[in-house]
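Comments concern the structure below.
When a residue number appears, it is its place in the shown sequence, counting from 1. Counting starts at 1 for both ligands and their atoms, in listed order. Note that these values count all heavy atoms, side chains included, but never hydrogens, waters or copies made by symmetry.
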Amino acid sequence: MNPPEVDRVAASRAAVAARRARAAIKAAIAAGERNPLEVMRTAFEAPLGAEGKLRVTEFLTSIPAIGVTKMQRIMEDLGISPAKRLGGLGKHQRERLYDYLNDRLSSRQPAPAKLIVLAGPTAVGKGTVANHIRENHPDVLLSVSATTRAPRPGEEEGVSYFFVDDSEFDRMVEEGELLEWATVHNAHRYGTPRGPVEAALAAGSSVLLEIDIQGARSVRRAMPEARLVFLQPPSWEELVRRLVGRGTESASEQARRLETAKVELASVDEFDYQVVNGNVGEAAQEVVDLMKTRKAKR
Ligand SMILES: Nc1nc2c(ncn2[C@@H]2O[C@H](COP(=O)(O)OP(=O)(O)O)[C@@H](O)[C@H]2O)c(=O)[nH]1
Ligand SMILES: Nc1ncnc2c1ncn2[C@@H]1O[C@H](COP(=O)(O)OP(=O)(O)O)[C@@H](O)[C@H]1O
């Protein structure tokens with residue numbers, strides 16, 4: 001071998017060894033054998049060592065409680081670019097990341113959630129579970145949405161929804177009165193009035209939003225402390241049965257909603273909790289428990 005080739009071989013061996021060292025650190029974090037905070041301290045002291053060369057993205061996802069979605073959110077919240085390595089973080093980024101993980105890892109039990117978003121596919125029973133909570137847990141504020149759709153028989157203004165026309169909805173959007181809003185099922189606009197939610201939270205009450213998945217994503221951006229609950233059907237067949245059994249949509253609309261439901265079911269990983277709506281009372285209790293008790297994340 002001539003000298004440049006020797007250099008290349010040595011360099012590629014060093015690269016393989018470095019990759020192995022990083023993989024070993026990640027495996028040790030994942031197995032609980034190394035404390036992520038200690039790994040960070042080592043990285044900051046020796047930015048060119050194996051710990052320092054770990055990408056922040058791979059470091060975070062090796063921590064058992066953090067999946068890819070959560071990692072992306074942390075990176076976004078802390079303003080860290082995905083290319084960064086632990087050793088390459090600036091002083092403020094180091095402090096923010098360290099404090100974030102320190103808080104998260106040292107409080108073994110999360111605080112009760114005050115703001116819960118209940119979302120899930122069409123006809124899974126979101127409205128039914130929310131109604132059960134309204135009737136049995138009067139201390140929980142159920143946000144009343146504004147909508148541009150017409151009232152159905154039996155629906156009450158200000159209880160089921162605030163029924164507004166397009167121009168009033170435009171005004172609410174323009175004046176920032178909505179915490180989030182979305183066009184649902186390609187048909188009508190729905191939005192969460194900001195005032196009552198903020199007032200209830202300020203007074204220390206628990207608030208439940210029963211909204212669609214786009215809305216859940218918007219609330220997460222606007223209020224990162226919100227916990228997102230995905231209501232699951234016991235099975236796909238049962239979801240179809242509920243949609244057809246409700247009988248409020250035409251056959252073609254049912255088919256369209258079921259197509260959307262497939263996409264919606266695939267978004268479950270974005271949520272903090274899953275609750276299966278087998279029995280309405282039990283599902284409602286599970287949701288309420290998230291607000292009232294210190295319950296471990298699942
Ligand atoms: N983003 C958003 N979605 C909402 C809001 N209020 C209701 N929704 C959603 O709008 C969808 C349609 O609700 P509705 O017209 O009552 O018909 P449903 O499909 O029979 O429940 C449901 O998925 C609700 O979760 C809201 O304020 N914001
Ligand atoms: N746990 C449950 N078991 C059986 N049927 C249910 C259950 N929850 C809801 N349903 C029924 O399923 C249908 C859809 O429920 P709904 O609350 O309107 O769904 P969503 O608000 O998610 O669109 C309704 O006919 C409702 O009575």
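Here is the list of ligand 1 atoms found below 4.0 Å of a heavy atom in R149: 14 (P), 15 (O), 16 (O). Per-residue contacts place G215 under 4.0 angstrom from the following atoms of ligand 1 (heavy atoms of the residue considered): 1 (N). Close approach of ligand 2 to G278 is summarised as follows: ligand atoms under 4.0 Å from at least one heavy atom of the residue are 1 (N), 2 (C), 3 (N). Atoms of ligand 1 lying under 4.0 Å from any heavy atom of Y161, numbered from 1 in the order shown and given with element: 6 (N), 7 (C), 13 (O), 14 (P), 15 (O), 16 (O). Every atom of ligand 2 with a heavy atom of G127 under 4.0 Å away is listed here by number and element: 17 (O), 20 (P), 21 (O). The distance from ligand 1 to the heavy atoms of A182 drops below 4.0 Å at these ligand atoms: 1 (N).
Of the listed residues (R246, K126, E180), the one carrying the non-hydrogen atom nearest atom 21 (O) of ligand 1 is R246. Among I211, T122, V144, the residue whose heavy atom lies closest to atom 26 (C) of ligand 1 is I211. The option with the heavy atom closest to atom 16 (P) of ligand 2, from among V280, L239, T128, is T128. Distances from atom 12 (O) of ligand 2 to the heavy atoms of H132, R242, E238 put R242 nearest. When the heavy atoms of L178, V184, L243 are ranked by distance to atom 10 (O) of ligand 1, first place goes to V184. The residue from Y190, F162, W181 that puts a heavy atom closest to atom 12 (C) of ligand 1 is Y190.
Between S145 and ligand 1, an N or O atom pair is found at a separation short of 3.5 Å. For K126, a nitrogen or oxygen atom sits less than 3.5 Å from a nitrogen or oxygen atom of ligand 2, counting backbone and side chain alike. Looking at ligand 2, you'll find an N or O of N277 within less than 3.5 Å of one of its N or O atoms. Between E155 and ligand 1, not a single N/O pair is under 3.5 Å apart.
Rounding to the nearest 0.5 Å places CG of L48 at 5.5 Å from NZ of K53. Atom CG of L97 is separated from atom CG of D77 by 11.5 Å, given to the nearest 0.5 angstrom. Residue I116 holds its CD1 atom at 5.0 Å from CE of M291, rounded to the nearest 0.5 Å. How far CD of E51 is from CD of E45: 10.0 Å, rounded to the nearest 0.5 Å. Once rounded to the nearest 0.5 Å, the distance linking OG1 of T61 with NZ of K70 reads 13.5 Å.
For the ligand labelled ligand 1, residue T192 lies inside the 4.0 Å heavy-atom shell. Using 4.0 Å as the threshold, R152 has a heavy atom nearer than that to some atom of ligand 1. Within the structure, ligand 1 has G191 among the residues with a heavy atom less than 4.0 angstrom away. Using a 4.0 angstrom heavy-atom cutoff, G245 does not count as in contact with ligand 2. For R257, the heavy-atom gap to ligand 1 drops under 4.0 angstrom.
Closest approach of E249 and Q254 over heavy atoms only: O-NE2, 3.2 Å.
Among all non-hydrogen protein atoms, the one lying nearest atom 19 (O) of ligand 2 is G125 N, 3.1 Å. The single protein non-hydrogen atom nearest to atom 25 (O) of ligand 1 is E210 OE2, 2.8 Å, given as residue, atom name and distance. With respect to atom 9 (C) of ligand 1, the closest heavy atom belonging to the protein is D212 N, 3.8 Å. Here the protein heavy atom with the shortest distance to atom 18 (O) of ligand 2 is R246 NH1, 2.8 Å. In terms of protein heavy atoms, atom 14 (C) of ligand 2 is closest to A123 O, 3.4 Å.
Tracing side-chain contacts under 4.5 Å through hydrophobic residues (I, L, V, M, F, W, Y), one never reaches L243 starting from V184; they form parts of separate clusters.
Residues L78 and V56 are not in side-chain contact: their nearest non-hydrogen atoms beyond the backbone lie 4.5 Å or more apart. In this structure, the side chains of R149 and F163 come closer than 4.5 Å at one or more pairs of heavy atoms. You'll find the side chain of L290 stays beyond 4.5 Å of the side chain of D272, heavy atoms only. Side-chain atoms of V276 and E282, non-hydrogen and from C-beta on, never get closer than 4.5 Å to each other.
In this structure a side-chain-to-backbone donor-acceptor pair under 3.5 Å is present from N136 to H132. Remark: side-chain polar atoms of R34 are not paired, donor with acceptor, to backbone N or O of A28 under 3.5 angstrom.
A salt bridge links K26 and E58; the closest N-O separation between the charged side-chain nitrogens and carboxylate oxygens is under 4.0 Å.
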**Asked** Can you check salt bridge (Lys or Arg N to Asp or Glu O under 4.0 Å) on R241 and E237, steps first, answer last?
**Response** CA-CA 6 Å; R241 245 192 316 275; E237 291 70 29; over 6 Å; no

